[in-house]
Number of protein chains: 2
Amino acid sequence: MNAKPPTSLDVARLAGVSQATVSYVLNDRPGARVSDETRERVREAAERLGYVPHAGARTLRTGRSGLILISMDDVPYGPLAIGMLEELDRELSRRGYTLVQYGARRLRGVPAARAWAELRPVAVLAGAGKLDEQAVAVLRSAGVKAVVALGAHSSAVTASVVVDHAGIGALAAGHLIDRGCRTIAAVVPAEPGLREMGEHRLSGARRVAEARGVPLTRADLPFSEEGAAALLDVWRRVDGVFAYNDDYAMLLMTVLRDAGVAVPGDVRMVGCDDLPLATLLRPRLTTVRIDVSAMPSLLARRLEELMEQEAPAEPDHIHPWNPVLVVRESS
Amino acid sequence: MNAKPPTSLDVARLAGVSQATVSYVLNDRPGARVSDETRERVREAAERLGYVPHAGARTLRTGRSGLILISMDDVPYGPLAIGMLEELDRELSRRGYTLVQYGARRLRGVPAARAWAELRPVAVLAGAGKLDEQAVAVLRSAGVKAVVALGAHSSAVTASVVVDHAGIGALAAGHLIDRGCRTIAAVVPAEPGLREMGEHRLSGARRVAEARGVPLTRADLPFSEEGAAALLDVWRRVDGVFAYNDDYAMLLMTVLRDAGVAVPGDVRMVGCDDLPLATLLRPRLTTVRIDVSAMPSLLARRLEELMEQEAPAEPDHIHPWNPVLVVRESS
DNA sequence: TTGAAAGCGATACCAG
DNA sequence: CTGGTATCGCTTTCAA
């Protein structure tokens, strides 16, 4: 039990060949000419010993780790994000990389970058908020080829994946106005983790509302019945609400029903995410669905480009999703 | 841009000391007596160069990586699990370990173990279904000190964290019977990822129902209104339902309302998870809340024990949560 | 108080 | 076709 893990030298000895041959065989090096018989012996010896190569040693020698780090705290919860991550993992592992989620102990900026850099990953994906200019510099100098910021707006300092929250708000507001709404409200969650996204969605809604001459009220809403009830005069004053997402929409619909405000009769309602609960509400909830199916392969391709090329690329961004309106009964 | 990352030797040269001194200073080795002046010089040189140690090299030299791997596919979605993971991360990083989520490309058994073993982690947490005896052996022989299976029942081959799904079902069924239910149904989700947990919850409910002489019907339910409506005769035949979780409870409550079945008048309903939506439903949903607050520190402590000791421990298990009934209006 | 040097495991160059 | 061996970056023992 306490024996140290077998090394390639152990395999070599057991097979009666040199370490070099073991390496050639186990990695199928194209240039290497090793007889089929030796190949077999090496394979068998490795099998017998339960040999597993030491990633750290390999990294040290080759200078490339094949590791791609993504910061855990920057992946939103939910089946959508999880599915995307799984797909991304598949794409990347097909290309020979290893995707790993790293907690980084809620660090940000340079300290976070240092923690990531110790692993000498070949790429790092992290929330735009964690990647300031110096953090990116630390990563670059540690040999990270691709640094990609994840966030609601593109980063000035590195490549980024921007998620178009403003577009969601715009789509929702446009729909409400199309339906005849003359004054609308947009919810911004009071929860710290959600507020920023809420503000981006709001800004998109505001842009459309202004363009079409419809007044828009911002409603800062904590997720609680009391919070929603406290804003009752807001909901009574408008005839359309973009509720930030489906959860908030459900909250509002419950509170409005208890208060005798009819949806969509008195106020039309639009959510976002197309959660399962959207079709379970009565009236069924109109919502914005986000189609992220294109994102994993797009991102994987972009990463590969960045990782293969020598000089760091210009800060650019990809925009890998697409909001789609799903009209149901609440609007 | 293309310069290689600075090494400890670079730092040493810049500070005018030896590599050894750099190592002593940067790791504050207790035994090392280095003058404050040299200390300062070394620190400054490291700073100036943006030096970040190379984790792989350190692992190679010391034989310990400090890496703890947890398989991504075995962490359920949802804020609960995410919060737990964050807390666990904090606990472990406080102790000097680095928690990392690894996708493992949906591998299982020996291939998965090999992939994990390459990183020479000091501990691996993975779904019980992925860890057969040989997989555990591979990990052990790669020097992994702690192998912990995550699952609904304890593993015969290694230590495990078992989540007490049966206890949840038992609690829910007991409550329904206390409320006077004479025939109850328990939902088992048809979705592949959920079915197994559903069956464990069912078995707990069944145990209690049998002990108290109440007939229990198993209801295999896909998550859709049609699926739920197809089983209407089941819901009409019973006077209590344990709905597997809050999402399924919401589905059922919607379908029952549409069909004119009153909750809790005709049938009492209990969910699980105490999601935000539970209090938004009308009637408000009675549910089983899972208190996982103790789990991260418990698990971290257990891991630490396993990692420090030499011989692999007997397969035992910890049981780090606690179902609690939250009674509302639906029951 | 500091330095020289061995060695962790794998790779790849250069000989044979 | 195969083998020796230098090397990657870091820690740590032993000497100075």
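Reminder, nothing fancy here: chain letters follow the sequence lines and each chain counts from 1. As the structure is a computational prediction, the values presented were derived from the model and not from experiment. Keep in mind that the numbers below use all heavy atoms, side chains included, and drop hydrogens, waters and symmetry copies.
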Scan [X] against the nucleic acid and name what it touches under 4.0 Å (heavy atoms): base, sugar-phosphate only, or nothing.
X	result
B/Thr21	sugar-phosphate
A/Val17	sugar-phosphate
B/Thr59	nothing

Quiz question: going by heavy-atom distance under 3.5 Å, is there a donor-acceptor pair between the base of C/dC13 and the side chain of A/Tyr24?
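Present.
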Is there a side-chain polar atom (N or O) of [X] under 4.0 Å from OP1 or OP2 of [N]?
X	N	result
A/Ser18	D/dG3	yes
B/Ser8	D/dC10	yes
A/Thr38	D/dT2	yes

Using a strict threshold of under 4.0 Å (side-chain N to carboxylate O), is an ion pair present between [Y] and [X]?
X	Y	answer
B/Asp316	B/Arg302	yes
A/Arg95	A/Asp89	no
B/Lys145	B/Glu308	no
B/Glu91	B/Arg301	no

Interatomic distance, [X] [atom1] vs [N] [atom2] [rounded to whole Å]:
X	N	atom1	atom2	result
B/Arg13	D/dC10	CZ	C1'	14 Å
B/Arg64	D/dT12	CZ	P	12 Å
A/Leu119	D/dC8	CG	P	21 Å
B/Leu60	C/dA10	CG	C1'	9 Å
A/Leu9	D/dG4	CG	P	10 Å
A/Arg58	D/dC8	CZ	P	19 Å
B/Lys4	D/dC10	NZ	P	12 Å
A/Leu49	C/dA10	CG	P	12 Å

I would like to know whether B/Glu87 and B/Arg90 meet salt bridge (Lys or Arg N to Asp or Glu O under 4.0 Å); could you show each step before the answer?
CA-CA 5 Å; B/Glu87 192 51 35; B/Arg90 236 185 302 275; 3.4 Å; yes
5' precedence on DNA chain C between B/Ser35 and A/Pro53 (nearest-nucleotide basis):
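First, find each residue's nearest nucleotide; the 5'-ward one identifies B/Ser35.
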Using the closest heavy atom to pick a nucleotide of DNA chain C for each, name whichever of B/Arg61 or A/Gln19 lands nearer the 5' end.
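Its nucleotide being nearer the 5' end, the pick is B/Arg61.
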For B/Gly56 and for B/Ala20, locate the closest nucleotide of DNA chain D by heavy-atom distance; then report the residue assigned to the nucleotide nearer the 5' terminus.
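Here B/Gly56 is the residue nearer the 5' end.
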